[in-house]
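These notes concern the structure reproduced below.
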Amino acid sequence: MECRDVRELTDSFLSEQLLVETTHDILRHLAQCPSCRAEIESRRRLRTALRGAFERSPELRATPEFLESVGRRVRDHQSSRSLRAARWSFRPLMAIAASLLLVSAVAFGGREWLGASLLHAALGDHQNCAIRFRLKEKPISLEEAALRFDPAYRSLIAVAPSPARLSGGELTVLERHSCVYDRRRFAHIVLRYRGSLVSVLVTPDRFARVPSELAVEGDRVSSFRAGRFAAFVVSSASDAEMREIAAAVAGPLKNALAGA
Amino acid sequence: MLTKERNNGEPQAWAAFEVEALPHADRLFRLAMWLERNRAAAEDLVQETLMQALQSFDRYTPGTNCRAWLVTILHHVRSNRRRASGRLGLVPDVDDRIASTTAFVPPIPEQLTDEDLLTALRAIPDHYQQVIVLCDVEEMTYKEISQALGIPVGTVMSRLHRGRTLLRAQLGAGEQQRGRSHHGMP
């Protein structure tokens with residue numbers, strides 16, 4: 001290989017884009033040619049210097065604020081896209097819930113109407129907090145909710161299903177907090193059972209009358225009273241699973257809220 | 001707020017994206033800033049690139065060069081924007097001819113500052129800058145550069161060759177100017 005051949009292949013050689021045989025030919029040439037060695041070294045130095053100049057340039061550097069926030073903004077955008085895509089499938093659920101409100105109000109009067117309103121809020125909270133992470137207001141801890149709104153929220157900080165092991169597997173607590181949906185504040189305990197999310201939603205209420213079991217679209221709701229609170233269990237689990245889950249949750253909840 | 005361990009596929013995809021793609025935001029920004037020369041435009045370009053990357057993350061093959069994949073998306077986003085705004089100029093396909101007619105390659109000056117290098121790089125035509133940056137700074141292969149810019153590998157090679165020659169000429173000219181001013185010459 002001649003000097004001219006080496007000079008023509010220098011770029012590819014430095015970029016490690018050559019066949020092994022050609023690379024060996026160049027290396028053999030470089031071993032005996034100080035001029036080409038100097039040229040290759042000079043070009044290598046230029047590449048390294050250019051890379052370094054890019055890395056050190058303050059003008060090209062992203063601000064820490066941008067790097068910190070870009071991930072969140074990308075994720076928020078993706079979530080809103082998913083929400084828009086899901087809106088059509090969620091819309092019938094909302095329509096049914098709205099119909100429930102209307103029918104309840106007409107047929108049963110105030111207590112039933114309020115019950116249907118609570119049910120709508122519980123379903124919405126499960127969908128928008130547990131499933132889609134989309135709430136207008138950021139959830140807060142139960143401790144903070146106890147300090148700011150109702151000391152009874154503190155009673156739910158340690159409450160756990162009993163038994164935790166059901167016929168289909170473990171009922172695991174993933175998270176607990178207080179959140180707001182449709183202007184209704186809930187204590188929200190999120191659990192997982194057989195791969196599905198289960199929401200336990202507890203809200204202060206003495207008046208509403210809610211149906212004990214109800215299926216709306218793909219979700220099932222069980223509700224019961226616990227002292228001065230209304231409690232809802234929402235999940236896409238089967239009827240039988242829901243009864244098991246509700247039974248495992250109701251006892252500890254009622255105990256925790258008995259004196260609250 | 002709920003944690004990523006929730007069960008549907010979206011949080012899992014996000015977790016993988018967060019590990020594989022987001023760490024490259026810093027490098028992507030440098031490239032975007034170089035191309036756009038405007039901080040707000042560069043931030044917007046990087047954000048749009050990452051959004052599109054997240055949407056099509058199922059098409060990324062784990063274990064391959066994620067940064068090269070992101071750079072490809074960034075160039076596509078930028079090209080589409082420039083096309084939409086009518087700013088996409090045609091690059092004359094004369095790279096091979098010019099490369100074969102360039103005889104003299106000036107030596108690279110011994111002492112170079114970062115500013116000398118970046119100023120010299122800025123002084124050469126954009127399409128040469130692009131391949132040099134992708135090859136030398138982003139360390140992408142010819143094939144990856146070819147995919148990112150939508151040009152044949154042969155064109156990548158000829159633009160690199162021509163671009164580096166022009167860069168050396170610029171560096172040499174800068175060195176001469178510094179020498180003149182150092183010696184008080186006009």
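Every chain is numbered from 1 and lettered A, B, ... according to where its sequence line falls, protein lines coming before strand lines.
- B:Arg27 CZ to A:Leu60 CG: the interatomic distance, rounded to the nearest 0.5 Å, is 12.0 Å.
- Only the side chain of B:Glu139 has a heavy atom closer than 4.5 Å to any heavy atom of chain A.
- The parts of A:Thr63 that come within reach of chain B are both its backbone and its side chain, each placing non-hydrogen atoms under 4.5 angstrom from that chain.
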Self-check item: side chain to side chain contact (heavy atoms under 4.5 Å, CB included) between A:Leu46 and B:Leu171, worked out
Solution: CA-CA 10 Å; A:Leu46 180 60; B:Leu171 289 168; 3.6 Å; yes
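- Considering all non-hydrogen atoms of both residues, B:Leu117 and A:Ala53 come closest at CD1-CB, 4.3 Å.
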Exercise. Please report the C-alpha distance between A:Val70 and B:Phe29 in whole Å, then the side-chain angles of each, then the deciding distance to 0.1 Å, and finally whether the side chain to side chain contact (heavy atoms under 4.5 Å, CB included) criterion is met.
Key: CA-CA 11 Å; A:Val70 68; B:Phe29 180 84; over 6 Å; no
Self-check item: Stepwise salt bridge (charged side-chain N to carboxylate O under 4.0 Å, His left out) check, B:Glu18 with A:Arg75
Solution: CA-CA 10 Å; B:Glu18 204 172 20; A:Arg75 187 175 191 182; over 6 Å; no
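- Distance check: A:Glu59 CD to B:Asp114 CG gives 11.5 Å after rounding to the nearest 0.5 Å.
- We find that A:Arg51 and B:Asp136 are not joined by a salt bridge, their nearest charged nitrogen and carboxylate oxygen being 4.0 Å or further apart.
- Looking at A:Leu67, the atoms closer than 4.5 Å to chain B (heavy atoms on both sides) all sit in the side chain, from C-beta outward.
- B:Arg168 and A:Glu39 are joined by a salt bridge, as a carboxylate oxygen and a charged side-chain nitrogen come within less than 4.0 angstrom of each other.
- In this structure, chain A has no heavy atom under 4.5 Å from any part of B:Arg37.
- When the candidates B:Met140, B:Met51, B:Met33, B:Lys143 are compared by the number of heavy-atom contacts under 4.5 Å with chain A, B:Met51 comes out ahead.
- Atoms CZ and CD, from A:Arg73 and B:Gln47 in turn, are 4.5 Å apart once rounded to the nearest 0.5 Å.
- Heavy atoms from other residues, nucleotides or ligands lying under 6.0 Å from CD of A:Glu170 number more than 12.
- Within the 3.5 Å criterion, the main-chain N or O of A:Phe54 finds a donor-acceptor partner in the side chain of B:Arg30.
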Practice problem: Please report the C-alpha distance between A:Asp11 and B:Met157 in whole Å, then the side-chain angles of each, then the deciding distance to 0.1 Å, and finally whether the side chain to side chain contact (heavy atoms under 4.5 Å, CB included) criterion is met. | Solution: CA-CA 8 Å; A:Asp11 289 328; B:Met157 292 167 72; over 6 Å; no
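- Minimum interatomic distance between A:Ala62 and B:Arg39 (heavy atoms only, all atoms of both residues): CA-NH1, 4.0 Å.
- Heavy-atom distances place no part of A:Glu16 under 4.5 Å from chain B, backbone and side chain included.
- Proximity to chain A is absent for every atom of B:Leu28, based on heavy atoms less than 4.5 angstrom apart.
- Taking CD of A:Glu55 as the reference point, atom CG of B:Asp26 lies at 9.0 Å (rounded to 0.5 Å).
- Atom CD of A:Glu8 has more than 12 neighbouring heavy atoms from other residues, nucleotides or ligands inside a 6.0 Å radius.
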Exercise. Show the numbers, then the answer: is there a side chain to side chain contact (heavy atoms under 4.5 Å, CB included) between B:Leu118 and A:Ser57?
Key: CA-CA 9 Å; B:Leu118 297 180; A:Ser57 168; 3.9 Å; yes
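- Of the listed residues A:Cys179, A:Gly52, A:Ser12, A:Ala38, the one with more heavy-atom pairs under 4.5 angstrom with chain B than any other is A:Ser12.
- Using a 4.5 Å cut-off between heavy atoms, B:Leu50 contacts chain A through both its backbone and its side chain.
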